[in-house]
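Okay, so here's the structure we're looking at.
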Amino acid sequence: MKKLLSILAVFSVLMCSVFAETVGDNPDDPFERDRWENEKLSTKIYNFSLKDSFAELGLSENEIDKNATIKVEYMPMHDELRIYYETLYVTFDEGEAMNAMMAYLQKFTKDNKYYRYRYMEANKPKPYKDERKQRKMVYSNHVKLIR
């Protein structure tokens, strides 16, 4: 009786594994779920210069710093966004930095179908010297996005 039950259990497990369906849009690709999980867990990084992309953020040319760059780290699993505004120390203006970061944040929330956000930390300016010994300033922002 025990042998019959064990053979029946092995047979049912074998049949379930043979006729199992894949998850996702492409049933021919068994690794699609793994790719989706890795994409969901990975952090996406975007870098761009403000002098090249100020128009798409809705800013005018006199509202931006020509030396400024924005680096964005997007974590889709946690719906968190870290924005870093970097420029030379002598040309840093906190108002310009805040306006550029808010313009990018509004564009990002609209493009990725988020309807609200809240700040996780206060905005932090931090001076540093780069590898060429230039004094620079990084203004960072940590945001939680809400769908």
Side-chain angles (χ1 to χ4, degrees), residues 1-59 63-89 92 94 96-147:
M1 187 67 176
K2 291 180 186 179
K3 290 180 186 179
L4 181 65
L5 286 176
S6 62
I7 291 173
L8 185 61
V10 168
F11 180 73
S12 64
V13 168
L14 180 65
M15 294 309 285
C16 289
S17 65
V18 168
F19 295 108
E21 291 186 29
T22 59
V23 176
D25 295 334
N26 187 2
D28 297 333
D29 189 6
F31 301 107
E32 184 172 338
R33 183 177 176 96
D34 293 334
R35 273 200 308 274
W36 182 78
E37 287 292 327
N38 289 338
E39 180 180 317
K40 186 175 137 182
L41 293 175
S42 65
T43 300
K44 298 174 182 153
I45 298 175
Y46 308 106
N47 290 317
F48 61 94
S49 174
L50 275 181
K51 71 179 178 181
D52 299 333
S53 59
F54 65 90
E56 67 185 48
L57 293 178
L59 299 171
E63 292 179 346
I64 63 160
D65 183 3
K66 303 269 192 271
N67 301 316
T69 59
I70 291 182
K71 177 183 174 187
V72 180
E73 295 176 356
Y74 173 53
M75 294 159 273
M77 182 173 188
H78 302 291
D79 291 328
E80 290 183 6
L81 196 67
R82 291 183 187 267
I83 307 171
Y84 302 102
Y85 177 91
E86 182 178 330
T87 187
L88 296 173
Y89 185 79
F92 177 72
E94 191 169 347
E96 286 179 5
M98 193 178 305
N99 288 340
M101 291 170 75
M102 286 179 65
Y104 181 81
L105 187 58
Q106 289 171 356
K107 180 184 178 303
F108 187 87
T109 55
K110 186 173 69 172
D111 291 347
N112 293 299
K113 297 180 179 135
Y114 290 102
Y115 67 90
R116 207 173 77 200
Y117 58 88
R118 66 182 171 93
Y119 293 99
M120 300 287 284
E121 302 172 12
N123 296 342
K124 295 185 265 186
K126 182 179 178 183
Y128 76 97
K129 285 188 179 181
D130 65 355
E131 63 275 354
R132 296 183 350 193
K133 303 295 184 207
Q134 282 186 322
R135 294 179 68 199
K136 291 195 171 189
M137 179 72 83
V138 173
Y139 192 69
S140 63
N141 196 344
H142 185 193
V143 177
K144 175 74 174 171
L145 302 165
I146 301 167
R147 288 200 194 261

Checklist outcome for this item: Rounded to the nearest 0.5 angstrom, the OH-CG distance for Y85 and N99 is 9.5 Å
Item to check | From OH (Y74) to CD1 (I83), nearest 0.5 Å | outcome: 12.5 Å
Item to check | Shortest non-hydrogen contact between H78 and K144, atoms and distance | outcome: O-NZ, 2.5 Å
Checklist entry - Is the shortest heavy-atom distance from the side chain of D79 to the side chain of I146 under 4.5 Å? => result no
Checklist entry - Is the count of non-hydrogen atoms from other residues, nucleotides or ligands lying under 6.0 Å from M120 atom CE greater than 12? => result yes
Checklist entry - Considering residues at least two apart in sequence or located in another chain, which fulfil the ring pair (Phe, Tyr, Trp, His ring centres under 6.0 Å) criterion with Y139? => result F92
Checklist entry - How many angstroms lie between atom CZ of R147 and atom CZ of R116, to the nearest 0.5 angstrom? => result 14.0 Å
Checklist entry - With sequence neighbours left out, what residues match Y119 under ring pair (Phe, Tyr, Trp, His ring centres under 6.0 Å)? => result Y117
Checklist entry - Do K136 and T87 touch side chain to side chain, with heavy atoms closer than 4.5 Å? => result no
Checklist entry - Side-chain contact, heavy-atom cut-off 4.5 Å: I70 with N47? => result no
Checklist outcome for this item: Nearest heavy-atom contact between K44 and P76 is NZ-CG, 4.2 Å
Checklist entry - If we only count heavy atoms from C-beta on, is the E121 to R82 side-chain gap below 4.5 Å? => result yes
Next on the checklist: For V72 and I45: C-alpha separation, side-chain torsions, deciding distance, then whether side-chain contact (heavy atoms from CB on, under 4.5 Å) applies.
Outcome noted: CA-CA 6 Å; V72 180; I45 298 175; over 6 Å; no
Item to check | Side-chain donor/acceptor of Y84 to backbone N/O of S140, under 3.5 Å | outcome: no
Checklist entry - Can you find a pair of side-chain heavy atoms, one from L145 and one from T109, that are under 4.5 Å apart? => result yes
Checklist entry - Counting N and O atoms only, with roles assigned by atom type, does the side chain of D130 sit under 3.5 Å from a partner on the main chain of R132, one being a donor and the other an acceptor? => result yes
Checklist entry - What distance do Y104 atom OH and N141 atom CG have between them, rounded to the nearest 0.5 Å? => result 12.0 Å
Item to check | Heavy-atom pair of closest approach, residues Q134 and L88 | outcome: OE1-CD2, 4.0 Å
Checklist entry - Hey, what do you get for CZ (R118) to NE2 (H142), rounding to the nearest 0.5 Å? => result 9.5 Å
Checklist entry - Which is it for Y128 and Y89 under the ring-ring contact (aromatic ring centres under 6.0 Å, His included) test, yes or no, and what are the steps along the way? => result CA-CA 9 Å; Y128 76 97; Y89 185 79; over 10 Å; no
Checklist entry - Who pairs with K71 by salt bridge (charged side-chain N to carboxylate O under 4.0 Å, His left out), at least two apart in sequence or on another chain? => result E73
Checklist outcome for this item: Rounded to the nearest 0.5 Å, the CE atom of M137 sits from the CD atom of E86 at a distance of 11.0 Å
